[in-house]
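This report concerns only the one structure given below.
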Amino acid sequence: MPTRPGAPAAGAYLEGLNPEQRDAVVSVEGPLLVLAGAGTGKTRVLTCRLAHILNNGMAYPSQILSVTFTNKAAREMRHRVSELLGQTTEGLPWLGTFHSIAAKILRIHAELVGLKSNFTILDTDDQIRLLKQIIKAENIDDKKWTARYMASLIDAWKNKGLTPGKCDPSEKYKFAEGKGLIIYKTYQDRLKVLNAADFGDLLLHNLTIFQNNPDVLARYHAKFRYILVDEYQDTNVCQYLWLRLLAQGSNNVCVVGDDDQSIYGWRGAEVDNILRFESDFPGAKVIRLERNYRSTEHILAAASGLISSNKDRLGKTLWTEDDGGHKVSVTGVWDAPAEARIISTDIENWYSKGRKYSDVAILVRASRQMRSFEERFIQIGLPYKVIGGPRFFERQEIRDAHAYMRLLVNDTDDLAFERVVNTPKRGIGATSIQKLQRAARSMGVSLETATRELTKTDEIRGKARSSLRAFCLDLDRWRAMQGTMRHTNLAEQILDESGYTQMWRDNKDAKSAGRLENLKELIQAMNEFDTLPAYLEHISLVMDVDKSNGVEEDQVSLMTLHSAKGLEFPLVFLPGWEEGMFPSQKSMDESGMAGLEEERRLAYVGITRAREQAKIYFAANRQVYGSWQSSLPSRFIDELPPAHVEAASESGLHDSGAVAERVASSFARSFEENKSGPVSPGWQRFQQNKTKSFGRAPKDIEGHAVRRPAKGKSSNYNKGDRVFHQKFGYGLVTETDGTKLTVAFEKAGEKKVLDGFVERA
DNA sequence: TTTATACTGATTTTT
DNA sequence: TCAGTATAAA
């Protein structure tokens, strides 16, 4: 039995765990489902469990399979386990993301699915390029059946664990003029020829290998004594099948997750996997972690109340010893700029009380909502950072640079060849490329080889021919230099000699300087690897870059609700809670009730990010794709338990109606604000705060109810009343529903508005 | 082959 | 609104 020198006394990591957590840590034999609600110490349990197994010598590090979804989670787990055990987790070779572990297994058995062990992993960009070619070749209307759409179809098939041979043949009539399956098949064939796999293939090929080769599967059965899975509610069918096959060995499979936080259905996650766990793994033990260590009672109660509207749940009751605290607040505002103004003022308040900007997060449903916040923050100089969004390795210049390196390492990487052969512009156009492709196909060789052959003939003439020749000579030269110099230097040289850096230097676009910076950063990143191939393998699976280099800056975080999962902040702002926006109309149109429930889980995730305070906002008007739309408060607001919610205006506090109605009165202040001059109150306030010492800021500086609006209650308007609206002008009331009016505006057409926003005309 | 202009159509995101 | 792409002209 392996005992680690320097490890803490056996069981020390069990200290400070509550009974359920401890149970989850020590119940290592047999299938176990740990239902871990938000903030119940899920990661702690996972890492302690790992430590427990290792420390008691129940398995060697190499006998434990632990899977996560993101590299971040994997890193975190590795880090925390090594902290628990003291310095000794160089091992744990099978701790990683689904994809990285699947890739590792696939490299060992690649030939069983017709690949070589050095296959390349395609990113989405390559995938789309490849599909474009195939769609064009099949003569399908590429406007109706875009490469992007076909890619999502193929992805969906792969997520379900379906190879082309296993797809329901009747489905093929639905897609791409009956050629959907043909495209999938052709695409897979092309990948095989290219010796490449896309992300979906990594898992799917594993599945094929395990299913067709019982001896291989048996090896892994013998190998993995314990299996741990994080975020089980996010697994798709393919991942589920993969896990089930592997778990047949030891049967010691522990999955941790929270059905209430399943928010990735749109990319193939099946909540059903977690709902069905007990029947899938007979004899499974279920442990609920319900004690929450994060949020106050009000926040927890509000979130629990909301999520209880969902039907398909395993059900948990979160509780906390941290009673009281602030109620969840709901505020109505005029429009997005007002929302940003009010929230930024609130953040300044927070800061002026001696709290930090980094305590604060703003969580939006869609990234386009971030705009008004960014504009506002820049205007008043409030420090913020956007989390998520376009990633470093997905930027054009980085992908181009990678393509050069990929081609260098592997002369059969046709996709890389296509990408860089005319980048920068070398006068090699679509027609030349087409000739090359035809030749390559007929000769059964790579594009580069075909190019070398074809430039010997008169098939391609003039500038294209000389450029292609020069390009091949460049490649030869660079390849010869490999091994004589460090790969980072070589990369720099390639980027220079190819004219790639010059291309951006000549480009006058404002972003060009940043691109050159990024290329420098890329060289930095490469420096952490010893060889070019090692670097390339790493980045194909790890698309994120650990940005935690340097000092922690005090900044407000701005991100989508999706990227907030797993994080927590003392103060959380949740703007944009309007019907259509959140819950998203598109989600409901596409997936109906299931879509709505997922949106509700998203709301649940949002609220439970907050430790001390959660503040919800809804705007009465929102600009959608350029035109103004009136909007109604989200149904989620009405679903919040009133006892734990306060309307953020004095006048509405003691009303007994629905939350949305109680908030109606707070419209007034944003209404007034909307008319205030170019120098906003928030700005003035910011100036004051910068110079003065921070006292309690007068509450009405934000333009608090100078004038009282038409009050909440039931509607004061009747059918046929003529009304005036700030944005839509004059109109006639055609219907009333409580405080919601349907008004036929003379210019803007029929709209639904809350009566607080109109006045009698 | 490259560049300028018209058009379209639009969540959420990891690997 | 606005970005990303398809088409036309140079």
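Bear in mind the structure is a predicted one, so any value in this text is a computation, not a measurement. Just so we're on the same page: letters track the sequence lines, and every chain starts at 1.
Between Asp125(A) and Arg419(A) there is a salt bridge, since a side-chain N of the basic residue sits under 4.0 Å from a carboxylate O of the acidic one. The pair Glu339(A)-Arg622(A) counts as a salt bridge, with a side-chain nitrogen and a carboxylate oxygen less than 4.0 angstrom apart.
Distances were taken from every side-chain heavy atom of Arg267(A) (C-beta onward) to each of dT13(B), dT3(B), dT11(B); the shortest belongs to dT13(B). When distances run from any side-chain atom of Leu541(A) to the nucleotides dT1(C), dT15(B), dT12(B), the shortest one goes to dT15(B). Side-chain proximity of Arg391(A) to the nucleotides dT3(B), dT15(B), dC2(C) is greatest for dT15(B). With dT11(B), dT14(B), dT12(B) as the candidates, the nucleotide lying closest to the side chain of His562(A) is dT12(B). Closest to the side chain of Trp266(A), from the set dT13(B), dT15(B), dT11(B), is dT13(B). Nearest nucleotide to the side chain of Lys586(A), out of dT11(B), dT12(B), dT15(B): dT11(B). Closest approach to the Tyr625(A) side chain among dT13(B), dT12(B), dA10(B) is made by dA10(B) (side chain taken as heavy atoms from C-beta onward).
Backbone-only engagement by Phe69(A) is indicated by non-hydrogen atom pairs under 4.0 Å involving sugar-phosphate atoms exclusively. Residue contacts shown for Ser584(A) include a base, since a base heavy atom lies under 4.0 Å away. Contacts of Gln585(A) with the nucleic acid, taken as non-hydrogen atoms under 4.0 Å apart, are absent. The residue Ser627(A) sits apart from the nucleic acid: no heavy atom pair falls under 4.0 Å. Note on Ala430(A): only backbone sugar-phosphate atoms sit closer than 4.0 angstrom, heavy atoms only; bases stay farther off. Across all strands shown, Asn422(A) has heavy atoms under 4.0 Å from sugar-phosphate atoms exclusively, and none from any base. As judged by a 4.0 angstrom heavy-atom cut-off over every strand, Glu590(A) is placed among the base-contacting residues. Ile428(A) comes within contact range of the sugar-phosphate backbone alone, with a heavy-atom separation under 4.0 Å but no base atom that close.
Between Ser498(A) and Pro424(A), the shortest heavy-atom contact is O-CG, 3.3 Å.
Residue Gln396(A) contributes atom CD, which lies 10 Å from atom P of dT5(C) at whole-angstrom precision. Going from atom NE2 of His538(A) over to atom P of dT15(B) covers 11 Å, rounded to whole Å. To the nearest angstrom, C1' of dA10(B) lies 13 Å from CD of Gln629(A). Residue Phe582(A) contributes atom CZ, which lies 13 Å from atom P of dT12(B) at whole-angstrom precision. Rounding to whole angstrom units, CZ of residue Arg148(A) and C1' of dA10(B) are separated by 12 Å. In this structure, Asp589(A) atom CG and dA10(B) atom C1' are separated by 14 Å, rounded to whole Å. Atom OH in Tyr264(A) sits about 10 Å away from atom P in dT15(B), given to the nearest Å. Separating the OH atom of Tyr149(A) from the P atom of dG9(B) is a distance of 15 Å, rounded to the nearest angstrom.
In this structure, Arg426(A) and Gly626(A) both approach DNA chain B, and ranking their closest nucleotides by distance from the 5' end singles out Arg426(A). Mapped onto DNA chain B by nearest heavy atom, Lys463(A) and Ser563(A) fall at different nucleotides, with Lys463(A) at the one closer to the 5' end.
A centroid separation of 6.0 Å or more is found between the aromatic rings of Phe119(A) and His205(A).
Taking 4.0 angstrom as the limit, Arg371(A) places a side-chain polar atom (N or O) nearer than this to OP1 or OP2 of dC2(C). Between dT14(B) and Asn71(A), no contact under 4.0 Å exists linking OP1 or OP2 to a side-chain N or O. Here Thr97(A) does not reach the OP1 or OP2 of dT14(B): none of its side-chain N or O atoms lies under 4.0 Å away.
A heavy-atom distance below 4.5 Å is not found between the side chains of Pro583(A) and Arg600(A).
Using modelled atom types and a 3.5 Å distance limit, the side chains of Gln261(A) and Tyr604(A) yield no donor-acceptor pair. Under 3.5 Å, the side chains of Asp234(A) and Gln239(A) contain no donor-acceptor pair of N or O atoms.
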